[in-house]
Amino acid sequence: MELIYQMFPIALMCATPLILGALGGLFSERSGIVNIAVDGTMQIGGFVAAAILIVCMDAGLGGASKWIALLASMIAGVVFIALHGVASIHFKADQTISGTALNVLAGGLTIYLCQVFYGTRQTPFFTPDASFQRMTVPVLSEIPVIGPMLFTNVYSTTYIAFAFILITWFIMKKTPFGLRLRSCGEFPQASASMGINVVKMRWIALCISGALSGLAGAVLVLTTSNYYFVNSIHGLGFVAIATLIFGQWNALGVLGAGLFFGFAQTFGYFSSSIPLFSAMPSDFFTLFPYLVTIIALIIFSGRSVGPKASGEIYDSGKR
Amino acid sequence: MKKHNPLVISLIAVVIGLLFAFGLVAITGRNPFDLLTALVRSMTGFNMQKPDAGINPMFVLNWFKYSVPMILTGLSVAFAYRTGLFNIGGEGQFIVGGTAAAFVALCVDLPPIIHPIACLLAAAAAGAVWGFLPGLLKAYRGINEVVICIMLNYSAMYICNMLTRGLLPIDPNTNARTISIPDSAVLKQVTTATASQFNWGFLAAIVGLVIFWFIIEKTTFGFSLKATGFNKEAARFAGMKVERNIILSMMISGAFCGVAGALLVLGEYKYGRIYTGFDNYGFDGISIALVGAANAVGVFFAGMLFSLLKSASGNLQIFQIPSEIAELVQAIIIYLVAIQYAIILVLDKIDFKGFKKKREPKSIEGGDA
């Protein structure tokens with residue numbers, strides 16, 4: 001039990017960027033745009049957050065710095081993903097190719113800027129007290145069982161992710177806007193015939209996607225590291241996409257999948273101290289999300305769970 | 001809309017990408033002339049800022065060295081692309097290829113020349129297996145190959161690391177690689193006159209180019225692959241085995257990447273690798289295939305271009321230019337190829353102005369991209 005209490009906060013920490021990135025992917029895929037640039041956007045978000053945090057700390061903004069950094073990373077994510085929007089919404093680009101271009105661009109651009117600004121391939125270190133720290137929620141942590149699991153030694157960013165899960169679920173399932181947005185991902189021509197502006201809807205979805213993915217990168221860098229470098233994101237954007245698929249493109253599913261993958265990662269760190277798992281190499285647990293996603297895709301393949309028109313070039317004249 | 005030669009669009013993308021690089025270098029306070037010097041030095045071995053130093057052939061050979069795996073991964077992506085598939089799984093196929101080669105090199109005893117060939121064949125087979133799965137799922141279950149390939153990339157890395165650590169003799173000094181492979185399996189340097197690791201593996205790229213060209217352009221099989229890529233239903237209606245084509249295309253595509261991974265193990269590292277990340281050759285292959293318009297000649301030239309950017313990274317850093325500029329150029333070029341619709345629009349506009357009178361009746365054509 002002690003071990004579970006130890007693992008829970010770490011699993012939540014690992015799950016947070018995955019959930020945020022997956023929600024980013026959810027908005028764009030639900031509106032009909034495949035977004036494999038989640039990884040690239042996370043890199044941009046992570047870099048901007050680290051750079052802005054350092055600037056704000058130097059300017060003496062203290063505790064507000066990290067929140068400014070998060071906000072900046074969201075804005076940077078929107079600006080970055082706009083490139084994807086221009087290509088895929090207006091210029092009929094293959095969305096996978098455009099996404100690939102953005103992933104390459106993000107890797108190059110962030111490190112290029114590091115070299116220009118700082119003269120090395122990484123940002124300077126920021127002090128741990130400048131970024132997010134583990135905290136214990138006063139009253140709630142006293143609750144038996146749940147208290148030590150969910151409210152002890154956690155990052156406030158985890159609650160932000162949970163909040164976004166609820167908001168996303170509400171928008172997608174309970175508002176007319178969400179219904180319209182989903183319709184654009186299923187059958188955009190039909191949406192257009194009902195007076196929905198598909199281009200506008202997709203732009204809105206993509207901007208939300210960019211903001212959330214940027215935030216995901218920022219959260220990752222500000223909670224698990226104290227600087228940004230080329231391997232800061234180490235492909236977690238693709239795990240986020242796996243989370244999205246395993247969560248079957250809906251918000252609550254993403255929550256479950258994110259926690260599941262978060263635990264899979266944590267098992268890797270703890271495998272040596274759990275008798276049952278100590279024989280397995282830790283690589284096995286890192287491998288887990290990818291294998292599970294492949295299996296999940298095979299199982300889901302008979303049913304149509306994903307957005308139907310996702311990845312298709314929108315042609316208003318098509319029947 | 002007029003039909004444009006895809007290579008013309010690629011050329012425009014490349015020129016804009018390079019101009020962008022010079023612009024960015026200037027904006028960020030570096031000297032664009034240094035960028036030019038670094039590129040020329042990597043291409044010819046001639047240092048424009050020290051003309052007396054003469055020509056250093058090592059740089060040229062290094063350029064060729066990088067081009068070999070990149071041409072192969074380019075061919076891989078291009079092959080799948082011709083069948084209407086997007087093989088983003090090059091990284092995984094590259095890794096399983098390298099690992100298979102290491103296994104054959106370390107566990108099987110064969111005479112020289114035959115040994116590396118056996119390694120390469122094993123690598124091709126391993127890459128083909130890694131391409132088989134997304135092909136199978138695409139053909140019979142309709143699952144998007146892009147997602148499966150991305151997942152398989154990471155799966156390959158962790159599975160291969162587990163296998164390597166578990167089954168191969170690990171070098172006790174570093175604990176991060178296997179022991180060196182026997183001399184009989186090593187691909188020898190073409191010339192020992194320079195320090196460059198350019199090796200006989202380049203023959204594999206030439207063989208790859210010929211095989212690609214032959215299958216795609218000269219065989220009925222290649223024709224049926226291309227037909228599948230153009231219109232699956234039409235190909236099925238014409239009696240072609242669409243499912244088989246998709247699977248075989250992914251397998252052949254995977255084999256190209258597998259060989260590329262093996263070349264690095266046999267020629268450059270000379271030990272079995274434990275991967276901590278991707279080498280990006282598989283992703284480079286995507287840019288190369290797109291810029292090369294997915295045909296053999298185009299892939300060759302695009303491969304030479306992108307390998308030049310990769311091999312220039314050392315020289316760029318010497319001249320105080322962040323080597324990531326190479327990645328930026330690459331990204332811009334892929335992006336421009338992706339939005340070629342915009343380039344075509346601009347081209348049409350230029351065309352239209354010049355030949356307004358002559359072409360007028362043609363502009364009525366319906367807009368079908």
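Within every chain, numbering begins at 1; the chains are lettered A, B, ... in the order of the sequence lines, protein sequences first and strands thereafter.
Shown here for A/Ile298 and B/Arg141, the closest heavy-atom pair between the two residues is O-NH2, 3.7 Å. In plain terms, the two heavy atoms of B/Glu324 and A/Gly108 that are nearest each other are CB-O, 3.5 Å. For the residue pair B/Met162 and A/Leu287, the shortest heavy atom distance occurs at CE-CD2, 3.6 Å. The two atoms that bring A/Ala242 and B/Met151 nearest to each other are CB-CE, 3.6 Å, heavy atoms only.
Options B/Met157, B/Gln317, B/Arg165 differ in how many heavy-atom pairs under 4.5 Å they form with chain A, and the most are formed by B/Gln317.
A/Thr286 touches chain B through backbone and side chain together, each having a heavy atom under 4.5 Å away. Only the side chain of A/Ile36 comes within contact range of chain B, judged by heavy atoms closer than 4.5 Å. Interface remark: A/Phe288 contributes no atoms to any contact with chain B (heavy atom separation under 4.5 Å). Residue A/Ile245 touches chain B through its side chain alone, counting heavy-atom pairs closer than 4.5 Å. Of the atoms belonging to B/Ile325, heavy atoms from both backbone and side chain fall under 4.5 Å from chain A. Heavy atoms of B/Val77 lying under 4.5 Å from chain A are absent altogether.
Within the model, atoms CG of A/Asp94 and CD1 of B/Ile339 stand 13.5 Å from one another, a figure rounded to the nearest 0.5 Å. The CD1 atom of B/Ile150 lies 7.5 Å from the OG1 atom of A/Thr100; values are rounded to the nearest 0.5 Å. Rounding to the nearest 0.5 angstrom, the gap separating the CG atom in B/Leu290 from the CD1 atom in A/Ile97 is 4.5 Å. Interatomic distance, B/Tyr335 OH to A/His84 NE2, rounded to the nearest 0.5 Å: 9.0 Å. Interatomic distance, A/Leu291 CG to B/Ile159 CD1, rounded to the nearest 0.5 Å: 5.5 Å. Distance check: B/Leu24 CG to A/Leu109 CG gives 8.0 Å after rounding to the nearest 0.5 Å.
Between the side chain of B/Tyr154 and the main chain of A/Phe238, no donor-acceptor pair closer than 3.5 Å is present.
Dense packing is recorded around OH of A/Tyr118, with more than 12 heavy atoms of other residues, nucleotides or ligands lying under 6.0 Å away.
With contacts defined as side-chain heavy-atom distances shorter than 4.5 Å, the pair B/Thr28/A/Tyr112 qualifies.
Among the residues in residues 85-93 of chain B, those with a non-hydrogen atom closer than 4.5 angstrom to a non-hydrogen atom of chain A are B/Phe86, B/Ile88.
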